[in-house]
2 protein chains.
Amino acid sequence: MPQPGRPRSFDAEQALDRAMEVFWRHGYEGASLTELTAAMGINKPSLYAAYGNKENLFRMAVGRYAQVEMAYARDALDRPTAYEVAATLLRANVVALTRDDRPAGCLSVQGGTACGTDSAAVSEFLAASRLAGERTLAERFARAVEEHDLPGDVDPTALARFVMVVTEGHAVHAAAGVPRADLERSAEIALRAFTATAYPDGLRPAVSS
Amino acid sequence: MPQPGRPRSFDAEQALDRAMEVFWRHGYEGASLTELTAAMGINKPSLYAAYGNKENLFRMAVGRYAQVEMAYARDALDRPTAYEVAATLLRANVVALTRDDRPAGCLSVQGGTACGTDSAAVSEFLAASRLAGERTLAERFARAVEEHDLPGDVDPTALARFVMVVTEGHAVHAAAGVPRADLERSAEIALRAFTATAYPDGLRPAVSS
DNA sequence: AAATTTCTGTACCGATCGGTTGCAGAGGCG
DNA sequence: CGCCTCTGCAACCGATCGGTACAGAAATTT
């Protein structure tokens, strides 16, 4: 049943995608309402009515980013072995960071590593969501230990932290314009480190590529 | 010969250190002239006279950061072997990122991974200076290949890129409040990756720690 | 068609942004 | 001392910031 009154004349989800891209490119504070509304094709009061305020719009954009642009991360977690989880995650992350139809880098890092005093809540929110992803990965590795996919003496938390550190470093690098092929070489080196730590005896399970 | 006229009543270098810390904490755009001048203990016209403008002050702050706060990087490059270079660099970097008398993270990353449209030059400047550091490290590793410290089939550029990626990831993590001990574990995993790539036969030269 | 409800666009709000000018006075040199 | 330069401070500049008030337009309900 449609609500009474004049219906909204723009697609709220599509406009959110545009806003996401502006935040992705310029960060939270670097994205002005003027540029946001121009990219979204709406006016400021419409933005205010549909999304609350700038900070709420940003949080919604980050949510959509996590849901759409980081679907590869959930796929990676479903891989059968810890090594394949890490390999899929790192390789797909590099691809996602360097798509030529998207801004370079990662919204969660670009959005605001540092902010002005008043919007400190934004960078704390981003940091917390990144660390939440890290915790999810650590739980996946802990499961691998339980399943004897990883040896019992490895620290799943430390391993997950290392993988996330590499993805964040790649995000900073990608934002600086480093090409995809260069990051792929870095990811392979990181994977060798993963192997050396997770399977120190050199008996890594045979997997794809 | 001292200039005629009233001498400056503040220490320009000490004030620059204060400005560096504000930029470090809030980034280029997040640091307002009001907060900068308050931290430096001077007024806006004094800042303008002594440093030119905000962007120039930032560039000078980054220069001083590279000279003072990143001295450990130059020390690391002087180590005799490639492995010791990487190990010293990664470990000292973690310490530098988590000093409790300094803002967490790295000015070069915090300063501005993303910026508004008008100050894009700042983030490009930061990206370029980070990549310059990476090139220096690559040259050090290339020397190691020439000296037969590293095998001839390793790619010094890729190895340097991996090390810098890890430091940048640690910087993002440190800014999020991750404690030093956790980053140290990550650095050790990265070092194991370095070893596996640089000395794939397991014949890493015996070194400290 | 009238009444009602909601959206859209313009124009504007106070606050703050980076940057600048005017001016009083402090301090060096002859 | 007199001069002259430079400092430090307040006040101010236009521009832009995020956020709103208001009136008219559009679509649904009665």
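Regarding contacts with the backbone of C:dT16, every side-chain N or O of B:S32 stays at 4.0 angstrom or more from both OP1 and OP2. Residue A:S9 places no side-chain N or O under 4.0 Å from the OP1 or OP2 atom of C:dC7. Within the structure, every side-chain polar atom (N or O) of A:T34 is placed at least 4.0 Å from both OP1 and OP2 of D:dT16. Of the side-chain N and O atoms in A:S46, none sit less than 4.0 angstrom from OP1 or OP2 of C:dC7.
In this structure, of D:dC17, D:dG19, C:dC7, it is D:dG19 that holds the atom nearest to the side chain of A:K54. For A:K44, the side-chain atoms get nearest to D:dG19 when compared with the rest of D:dG19, D:dA10, C:dG18. Closest to the side chain of B:N53, out of D:dC17, C:dT10, C:dG19, is C:dG19. When distances are taken from the side chain of B:P45 to each of C:dC17, D:dC9, D:dC17, the shortest belongs to D:dC9.
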Begin from the C-alpha positions of A:F194 and A:F141 and carry the test ring pair (Phe, Tyr, Trp, His ring centres under 6.0 Å) through to its verdict. CA-CA 12 Å; A:F194 180 91; A:F141 286 156; 5.6 Å; yes
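The nearest whole Å value for the distance from the CD1 atom in A:I42 to the P atom in C:dG9 is 10 Å. As rounded to whole Å, 15 Å separates atom C1' of D:dC12 from atom CG of B:L33. Atom-to-atom, CG of A:N43 to P of D:dA21 comes out at 17 Å; the value is rounded to the nearest Å. Rounded to whole Å, atom P of D:dC6 lies 16 Å from atom OH of B:Y48. The distance from atom NE2 of A:H26 to atom P of D:dC17 is 12 Å, rounded to the nearest whole Å. Protein atom CG of B:N56 is 17 Å distant from nucleotide atom C1' of C:dT20, rounded to whole Å. Rounded to an integer number of Å, the gap from CG of B:D118 to C1' of D:dA15 is 11 Å. Taking atom CD on B:E29 and atom C1' on D:dC17, their separation rounds to 12 Å, with Å as the unit.
Residues B:I42 and B:S46 share a closest heavy-atom pair of CB-CB, 4.1 Å. When all heavy atoms of A:A121 and A:E55 are compared, the pair lying nearest together is CB-OE2, 4.2 Å. Across all their heavy atoms, B:V145 and B:P156 have their closest contact at CG2-CG, 4.1 Å.
Here A:A50 lies out of heavy-atom contact (under 4.0 Å) with every strand.
Using a 30° and 60° split on the angle between ring planes, B:F58 and B:F23 fall in the perpendicular class, above 60°.
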